[in-house]
Amino acid sequence: MGSRVNEKLYYAQLVLAQAERADGAERRALVESALFHLVTAYRGFLQEIAAGHKQRVDGPDARQALRQLQAGGHSAPELAELAALEQGG
């Protein structure tokens, strides 16, 4: 994983540790912040997978990223697996 993805995962970990000590609105805000960092890390991870195949994607999820690659005549088994997991399988 690239440093940006690891950085975002670390930020989420820090924020969740703070959320454990908070309550009420502060706790909810911290959890929302952690969720933001996790979503950003996931999107970065999808971009890293595509970059490993010398492609660029900008979709919000693996299904969209996979469709973008396939539209260009490319494939990425890792994205296919993540897309299947996103579908619940």
Side-chain angles (χ1 to χ4, degrees):
M1 265 184 275
S3 62
R4 186 67 177 152
V5 172
N6 285 332
E7 190 175 74
K8 287 300 203 172
L9 292 172
Y10 178 66
Y11 292 162
Q13 185 180 27
L14 289 176
V15 172
L16 287 173
Q18 289 178 339
E20 287 178 359
R21 297 184 298 275
D23 51 353
E26 181 181 8
R27 183 184 191 112
R28 285 191 302 278
L30 290 167
V31 169
E32 286 289 326
S33 177
L35 182 58
F36 167 78
H37 289 298
L38 290 171
V39 168
T40 305
Y42 185 64
R43 288 181 178 169
F45 183 58
L46 297 176
Q47 291 171 359
E48 286 181 10
I49 291 171
H53 294 273
K54 299 191 181 353
Q55 301 299 310
R56 286 185 42 87
V57 296
D58 60 1
D61 56 34
R63 293 175 306 205
Q64 181 70 23
L66 183 61
R67 280 194 292 271
Q68 289 175 354
L69 284 183
Q70 289 172 337
H74 302 282
S75 67
E78 310 95 314
L79 286 178
E81 183 68 26
L82 288 171
L85 291 170
E86 286 177 2
Q87 295 266 358

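Small disclaimer: the values here were computed from a predicted structure and weren't measured.
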Under 3.5 Å, sequence neighbours excluded: what are the donor-acceptor pairs made by side chains of residues 53-66?
unit_1: H53; atom_1: NE2; unit_2: E78; atom_2: OE1; d: 3.1
unit_1: H53; atom_1: NE2; unit_2: E78; atom_2: OE2; d: 3.4
unit_1: Q55; atom_1: OE1; unit_2: H74; atom_2: NE2; d: 3.3
unit_1: Q55; atom_1: NE2; unit_2: H74; atom_2: NE2; d: 3.1
unit_1: D58; atom_1: OD1; unit_2: Q68; atom_2: NE2; d: 2.6
unit_1: D61; atom_1: OD1; unit_2: R63; atom_2: N; d: 3.3
unit_1: D61; atom_1: OD1; unit_2: Q64; atom_2: N; d: 2.8
unit_1: D61; atom_1: OD2; unit_2: R63; atom_2: NH2; d: 3.4
unit_1: Q64; atom_1: OE1; unit_2: R67; atom_2: NH2; d: 3.1

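Annotation: side-chain hydrogen bond (donor to acceptor under 3.5 Å, both in side chains) contacts involving residues 15-25, sequence neighbours excluded, are absent. Residue pairs meeting the salt bridge (charged side-chain N to carboxylate O under 4.0 Å, His left out) criterion with at least one member in residues 32-50, sequence neighbours excluded, do not occur. The list of ring pair (Phe, Tyr, Trp, His ring centres under 6.0 Å) pairs with a residue in residues 10-51, not counting sequence neighbours, reads Y11-H37.
Contact detail for V5 and G44: the closest heavy-atom pair is CG2-C, 3.7 Å.
For Q13, there are no side chain to side chain donor-acceptor pair (under 3.5 Å) partners two or more places apart in sequence or in a different chain. For A22, the side chain to side chain contact (heavy atoms under 4.5 Å, CB included) criterion is met by E26, R27, L30, not counting sequence neighbours. Taking the salt bridge (charged side-chain N to carboxylate O under 4.0 Å, His left out) definition, one finds that E7 meets it with R4, sequence neighbours left out.
From L38, atom CG reaches atom CG of L16 across 6.5 Å, with rounding to the nearest 0.5 Å. From T40, atom OG1 reaches atom CG of L35 across 9.0 Å, with rounding to the nearest 0.5 Å.
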